[in-house]
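In what follows, a structure is listed as structure tokens, so that the remarks can point back to it.
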Amino acid sequence: MKNTSFFLFVLALCMIGNVGANIFQRANTTLLFVNGLRYKKWLKVHCKSGNNDMGVHYLKQEGIYYFSFHDNFMGNTLFWCTLSKGPDYKISSKFDAYVEDNRELHGDTYSYIAKDDGIYHQNRVYPKLHKKFDWNRRY
């Protein structure tokens, strides 16, 4: 009887542990970038958070770059990105590409399409592609 009770106790702890882990597990969020620039211009993408530097990525025309992540436990995940137009990359825009908002569902894809007149955005909340940022920062 002691062995059965002990086994059931351990089994219950394991089940509670798995349920608890799933409560705090958040779905992957994805940031996706597309080079929609004309005239075979390249796009430079550089994204960072407080803990991660995703590196510099160069996208040829119609090229795609994306990465996925989980929101941090503290609920304050932030990724900011700089997109720069080739060939000299002097025309850029730096913006917050993802700011965690606990009111929204997690696990969405945030798409950014760089066009000649600005940076366009869409996700589940804003499914229609719309202009979000201008090319407004020069370095």
Would you check if the side chain of Q61 reaches a backbone N or O of L37 as a donor-acceptor pair within less than 3.5 Å?
yes

ring-ring contact (aromatic ring centres under 6.0 Å, His included) with H57: which residues, sequence neighbours excluded?
Y65

Between N52 (side chain) and M54 (backbone), is there a donor-acceptor pair under 3.5 Å?
no

Would you compute the distance between atom OG1 of T82 and atom NE2 of H46 and round it to the nearest 0.5 angstrom?
7.5 Å

What's the separation between atom NE2 in H121 and atom CD1 in I113, rounded to the nearest 0.5 Å?
8.5 Å

For the residue pair K115 and Y120, would you count it as a cation-pi contact if the rule is NZ or CZ under 6.0 angstrom from the ring centre and within 45 degrees of the ring axis?
yes

Centroid-to-centroid, Y66 to Y110, below 6.0 Å?
no

Under 4.5 Å between any side-chain heavy atoms of F79 and K48, yes or no?
no

So do the side chains of H70 and T29 get within less than 4.5 Å of each other, counting heavy atoms only?
no

Ring centres under 6.0 angstrom apart (Y98, F69):
yes

Let's go through C81 and F33 carefully: what are the C-alpha distance in whole Å and the side-chain angles of both, what is the deciding distance for side-chain contact (heavy atoms from CB on, under 4.5 Å) to 0.1 Å, and is it a yes or a no?
CA-CA 10 Å; C81 300; F33 301 89; 3.6 Å; yes

Does V56 reach the side chain of V45, with side-chain heavy atoms less than 4.5 Å apart?
no

To the nearest 0.5 Å, what is the distance between CG (N28) and CG (D108)?
12.0 Å

Polar side-chain atom of E100 near backbone of D71 as donor-acceptor pair, under 3.5 Å
no

Contact check, side chains of C47 and F67, non-hydrogen atoms, under 4.5 Å
yes

I would like to know whether F95 and I119 meet side-chain contact (heavy atoms from CB on, under 4.5 Å); could you show each step before the answer?
CA-CA 10 Å; F95 57 92; I119 299 164; 3.7 Å; yes

Given side-chain contact (heavy atoms from CB on, under 4.5 Å), test L59 with K44 step by step and report yes or no.
CA-CA 6 Å; L59 307 181; K44 181 169 87 171; over 6 Å; no

Where W135 and S92 come nearest, the two heavy atoms and their spacing
CE3-C, 3.9 Å

Approximate separation, where rounding is to 0.5 Å, of N123 CG and S111 OG
8.0 Å

Determine yes or no for a side-chain-to-main-chain donor-acceptor pair under 3.5 angstrom, with N35 supplying the side chain and E62 the backbone.
no

Might you confirm whether atom NZ of K131 has over 12 heavy atoms from other residues, nucleotides or ligands at distances under 6.0 Å?
yes

Could you walk me through whether F133 and L83 pass the side-chain contact (heavy atoms from CB on, under 4.5 Å) test, one step at a time?
CA-CA 11 Å; F133 305 108; L83 304 186; over 6 Å; no

Is a side-chain donor or acceptor of D96 paired with a backbone partner of V99 at a separation under 3.5 angstrom?
no

What residues form a side chain to side chain donor-acceptor pair (under 3.5 Å) with T109, not counting sequence neighbours?
none

Without swapping roles, check the side chain of S93 against the backbone of D134 for a donor-acceptor pair under 3.5 Å.
yes

Any Y112 side-chain heavy atom under 4.5 Å of L32 side chain:
no

